[in-house]
Amino acid sequence: MTEKHERRTFLSKLLGGALAVGVVGVIGAVMAYLFPPERRVFNPARRRMRVARADEIPLGKGKQVLFDGEPVWVLHLKGGWSAFSAICTHQGCIVHWDEKRLILSCPCHAGLFDTNGNVLSGLPRRPLKRFRVSVVRDEIFIGPGEG
Ligand code: FES
């Protein structure tokens, strides 16, 4: 085989490979156009989020989690589980769970909320937004707010 023939063979293989890659790319683009990926429609009403195993939050304790970008307090109380938005209804500061006094307190203007999310004192006029809580096989889940 001559050097010229080897070069021609190499170039034709290179060209063939480039053509094959191009054809596959075009076919992929056409298929993606004809059969677009499934559109996922966000349905917040069906959504829930795992918070923890039940034994990870002892009685009287709380755990703050982010649900759809919103800080939420999940509380383990004598009557069961409750979850409230951690966003104060006065001006939006983040409330803290005070496990000694069993209240949610706002550091900004001394707003206080009871374990039902109702205002105890301070400047807030509306209760905290409540979230659904469910326990499935010792796992705690929260769902979208109720108000
Ligand atoms: S922001 Fe909470 S009391 Fe004002």
Side-chain angles (χ1 to χ4, degrees), residues 7 9-147:
R7 191 179 311 144
T9 302
F10 171 75
L11 287 175
S12 69
K13 283 182 180 175
L14 187 66
L15 184 61
L19 271 174
V21 168
V23 168
V24 168
V26 168
I27 289 172
V30 169
M31 295 301 280
Y33 177 77
L34 293 176
F35 306 102
E38 179 187 346
R39 281 196 166 193
R40 290 173 194 253
V41 178
F42 178 65
N43 182 353
R46 303 177 79 189
R47 213 164 50 105
R48 68 180 185 177
M49 186 183 88
R50 181 189 177 277
V51 173
R53 273 194 343 260
D55 63 359
E56 291 174 330
I57 307 174
L59 188 64
K61 302 276 186 186
K63 179 177 182 177
Q64 194 181 117
V65 295
L66 269 184
F67 183 81
D68 202 17
E70 181 172 356
V72 174
W73 274 108
V74 180
L75 308 175
H76 188 183
L77 305 167
K78 277 186 182 169
W81 297 88
S82 294
F84 301 99
S85 171
I87 299 175
C88 181
T89 56
H90 177 231
Q91 287 185 351
C93 290
I94 302 300
V95 299
H96 301 284
W97 172 238
D98 182 335
E99 60 190 51
K100 289 194 174 111
R101 298 192 294 165
L102 298 179
I103 55 172
L104 291 148
S105 69
C106 181
C108 293
H109 312 101
L112 298 177
F113 301 87
D114 67 15
T115 52
N116 290 311
N118 296 318
V119 179
L120 287 172
S121 65
L123 297 176
R125 294 289 166 253
R126 291 177 290 117
L128 294 171
K129 184 168 93 178
R130 183 183 280 271
F131 286 76
R132 280 188 297 110
V133 182
S134 54
V135 182
V136 180
R137 281 184 238 109
D138 280 340
E139 303 274 342
I140 309 301
F141 294 87
I142 57 172
E146 298 171 344

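These figures come from a predicted structure and were not determined experimentally. In listed order, ligands and their atoms are each counted from 1.
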Report summary line: In short, Leu77 meets Thr115 closest at the heavy-atom pair CD1-CB, 3.7 Å
Query raised in the report: How far does CG of Leu112 sit from CG of Asn118, to the nearest 0.5 angstrom?
Result: 12.5 Å
**Report entry** salt bridge (Lys or Arg N to Asp or Glu O under 4.0 Å) partners of Asp138, counting only residues at least two apart
**Finding:** none
**Report entry** Polar protein atoms near atom 2 (Fe) of ligand 1 [N, O or S; cut-off under 2.8 Å]
**Finding:** Cys88 SG, Cys106 SG
Query - Any residue meeting side-chain hydrogen bond (donor to acceptor under 3.5 Å, both in side chains) with Arg101, in chain and number order, not counting sequence neighbours - result: Asp98
Query raised in the report: Taking only residues at least two apart or on different chains, which pairs with a member in residues 73-111 satisfy disulfide (SG to SG under 2.5 Å)?
Result: Cys93-Cys108
**Report entry** Over 12 non-hydrogen atoms of neighbours within 6.0 angstrom of CZ in Arg50
**Finding:** yes
